[in-house]
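Here's the structure we're looking at; comments come further down.
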Amino acid sequence: MDVNTILDSLNDAQREAVTQPLGSSLILAGAGTGKTRVLVHRIGWLIQVEGVSPWSIMAVTFTNKAAAEMRGRIEQMLDMPVRGMWVGTFHGLAHRLLRTHWKEADLPENFQILDSDDQLRIIKRLMQALGLDETRWPPRQAQQYINSKKGEGLRSSHIEPGYDLFEKTMYSVYAAYEENSRLLGVVDFAELLLRSHELWLKHPELLAHYRERFQQIMVDEFQDTNAVQYAWLRMLAGDKGNLMAVGDDDQSIYGWRGARIENIRQLTCDFASAKTIRLEQNYRSTSTILKASNTLIANNPDRLGKELWTEGNDGERIRVYAGFNEVDESRFIAARIQDAVNGGMALSDIAIFYRSNAQSRVLEESMLRSSIPYRIYGGQRFFERAEIKNALAYLRLASNQDDNPSLERVINVPARGVGEKTVQQIRDVARSGGVSMWRAAREMVKGKGLTARATNAVVSFIELIEGLSLSSSDLPLDELADHAINVAGLIEHYQKEKGEKGHARIENLEELVSACKQFDPDAVFYDKMQQNLSPLDAFLAHAVLESGDAQADQFIDSVQMMTLHSAKGLEFPLVFMSGMEDGLLPHRMSFNDSGKLDEERRLCYVGMTRAMKNLYLTYAESRYLHGKETRHHSSRFLREIPSDLMEEVRLSATINTEMSNASLSLGHAEMAEIGLSLGQRVTHEVFGDGTILNFEGQGAQARVLINFDDEGGKWLMVIYAKLTPLSVNGICC
DNA sequence: AGTCCCCCCATTTTT
DNA sequence: TGGGGGGACT
């Protein structure tokens, strides 16, 4: 491949980023400006022109999806597989380091990785053991505390709790948790990063080795890095290393989970020679959408500054719709989707965004009612399903019997007569002896601590696990999984479950076996450094680190529904942002903190910049929230968008609660003629009382949408419906 | 051991 | 309004 192939398709700024001399750089890449392309082409440039070996390149991302995409595009461009290059997530690469240097990292060779669910279970148990009241000290809070401390690079030994009761309590949980993790030989997600950072800190010779090797480091979504991730990168790059950080401060929406937008500025201090290059030419959206987004985000303070532009045309104005309530809003969206489909658009080109998951239900109902296929992002993932986690727990125990969370999960699944009382006894013995539950159980069945019945049950479990452990060394992975599922009795267990559910679970278990069959450890670890890791351990790590796709009928053409957070990185020709209300976006939890409000604004910006051609911003004047009718104002962000870029699609009913009998504002002559108005209460002979939500057509064709209290929404022809207006008072309650 | 009921809670999520 | 979790009851 020649140089022209690398450079031809690039604009000036992209080309500058790709061809810059070796050194560090900060690429401020706005939404839709081709940042992945720059990363990929830069790697091509390094290899083809600078003569850099793929061996000395590392590319880091946050998600497995991004890593896979990057690897795929690199291989496509170079037209060859790139073994030796490290392309992966922060967690994946850290994991790889720890597997290679488990001894130096002070970990057991077959350490297991905890997912957040396992972690929470452990924390719960520990807090019970510490005698902490769960209602006063929610385990989730402790989990968050621990993870955020680890994300800041802090061990419990670094923390000086002081006299604050909260700090003191959390500190004690953290300390107990660290001790427990060490005892069990388990490592959580945050630990992977912190531990591998410490590995380099404590072993300068290893650091020197990796510095020597990884001369070229590329990072994607740099604005999402937390303190440890940044320290890790900085340490690896050293003073001489070459770090290319690609990010966008305006798309930093993960501050709440430890991402430090400040790292971007820090980078320009720490790497003084780093050149900053801005990618501002957008290839995605219309000029109208970009102008609106630019104006909105300009309200944020302390930006590094960036303005998106396009060579494309203005396109259509952004449409704003004020729904009477959330049902009206969702019907409006469904109707516009139907229009778009009638106009020939594919459903998969359409997306609906919302701030919080709870908003999806009403939208779903409208899609169902209109028979519009949809897909919701972020459902349960394959490796997180209960039956899969149970099967994996058996496999994990086959590898490491000290894995308490796995033992707790399946010691009585399927039921084999080990009740909660017995489990609690095992827990107590384990805790007082400072050993794992497995060891405690083994001791206990030898002594007389348990009833005969319990002893038998526990013994059969122990024998089961020991048998699996033996098989694990001679059976191939898929046969081992199949064997484990059968011997453990999981198939019979789920056969008993009535209905479709048990059947689906068994199918999933079968899918697990075939996943084992297809699993190639080399695909996880691209070079052969990991030979000490058994296929089983490699698979178990793979299952935790890459928990798989949320189930998806990805092949069915469907509307894409997702939260604003999960929309980042995607693009759609037609986008609806629903719930544009003060209280939802910005979320009310952010009201009293300007930093959080800025992040909400960035969230809004991220959503808007997903739209390629058409963007609808919709809100509801009234919506049910937590079982109560809530009135919101339209989002303040709507007012930050220049009004000439927007058009209101239909006038909304403004309900004036103070003037109960005043007519509601209409804006439609036809309606006024008939004497009806939006939001008005009416009575129908057959359907009873209801509220007018919408109307269309005129004269003899005029129809109104009425939400009847008992019958739900119906479109009725005005001339036949014989509607009797009621007092407006009814609405205000 | 499994089911039912009541109470509490309610932003965003990847690894 | 609805889901999840914990406790109590069968």
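Owing to the predicted nature of the structure, the values given are computational and were not obtained by experimental measurement. Just so we're on the same page: letters track the sequence lines, and every chain starts at 1.
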What is the distance, to the nearest angstrom, from the [atom1] atom on [X] to the [atom2] atom on [N]?
| X | N | atom1 | atom2 | answer |
| --- | --- | --- | --- | --- |
| A/Asn64 | B/dT13 | CG | P | 17 Å |
| A/Asp188 | B/dT13 | CG | P | 21 Å |
| A/Lys496 | B/dA1 | NZ | C1' | 12 Å |
| A/Leu98 | B/dT15 | CG | C1' | 14 Å |
| A/Lys421 | B/dG2 | NZ | C1' | 19 Å |
| A/Asp118 | B/dT15 | CG | C1' | 13 Å |
| A/Glu134 | B/dC7 | CD | P | 19 Å |
| A/Gln229 | B/dT13 | CD | P | 18 Å |

From C-beta outward on [X], which listed nucleotide comes closest to its side chain: [options]?
| X | options | value |
| --- | --- | --- |
| A/His565 | B/dT11, B/dT15, B/dT12 | B/dT12 |
| A/His626 | B/dT13, B/dT15, B/dA10 | B/dA10 |
| A/Tyr254 | B/dT12, B/dT13, B/dG2 | B/dT13 |
| A/Ser566 | B/dT13, B/dT11, C/dG3 | B/dT13 |
| A/Arg361 | C/dG3, B/dT13, B/dA10 | C/dG3 |

Heavy atoms only, 4.0 Å cut-off, all strands: where does [X] land among base, sugar-phosphate and nothing?
| X | value |
| --- | --- |
| A/Phe62 | sugar-phosphate |
| A/Asp224 | nothing |
| A/Asn226 | nothing |
| A/Ser547 | nothing |
| A/Glu600 | base |

Think A/Arg385 forms a cation-pi with A/Phe382, using NZ or CZ under 6.0 Å from the six-ring centre and within 45 degrees of its axis? no
Determine, for A/Phe111 and A/Arg99, whether the Lys NZ or Arg CZ falls below 6.0 Å from the six-membered ring centre while staying within 45 degrees of the axis. yes
Can you tell me if [X] touches the phosphate of [N], counting only side-chain N or O atoms and a distance under 4.0 Å to OP1 or OP2?
| X | N | result |
| --- | --- | --- |
| A/Asn357 | B/dT12 | yes |
| A/Lys124 | C/dG6 | yes |
| A/Thr563 | B/dT13 | yes |

Any donor-acceptor pair under 3.5 Å linking the side chain of A/Asn147 with the backbone of A/Phe189? no
B/dT11, syn or anti by chi within 90 degrees of zero: syn
Report yes if the distance between the aromatic ring centroids of A/Phe519 and A/His542 is under 6.0 Å, otherwise no. yes
Side-chain-base donor-acceptor pair under 3.5 Å for A/Thr63 and B/dT15: no
Using atom P in both nucleotides, what's the gap between B/dT13 and C/dG4 to the nearest angstrom? 15 Å
Quote, to the nearest angstrom, the P distance that separates C/dG5 from B/dT12. 15 Å
Is there aromatic stacking of A/Trp256 against B/dT12, centre distance under 5.5 Å, plane angle under 30°? yes
Name the residue from A/Arg195, A/Lys150, A/Arg121 that meets the salt bridge (charged side-chain N to carboxylate O under 4.0 Å, His left out) definition with A/Asp188. A/Lys150
Report yes or no: do A/Ser116 and A/Gln119 form a side-chain donor-acceptor pair below 3.5 Å? no
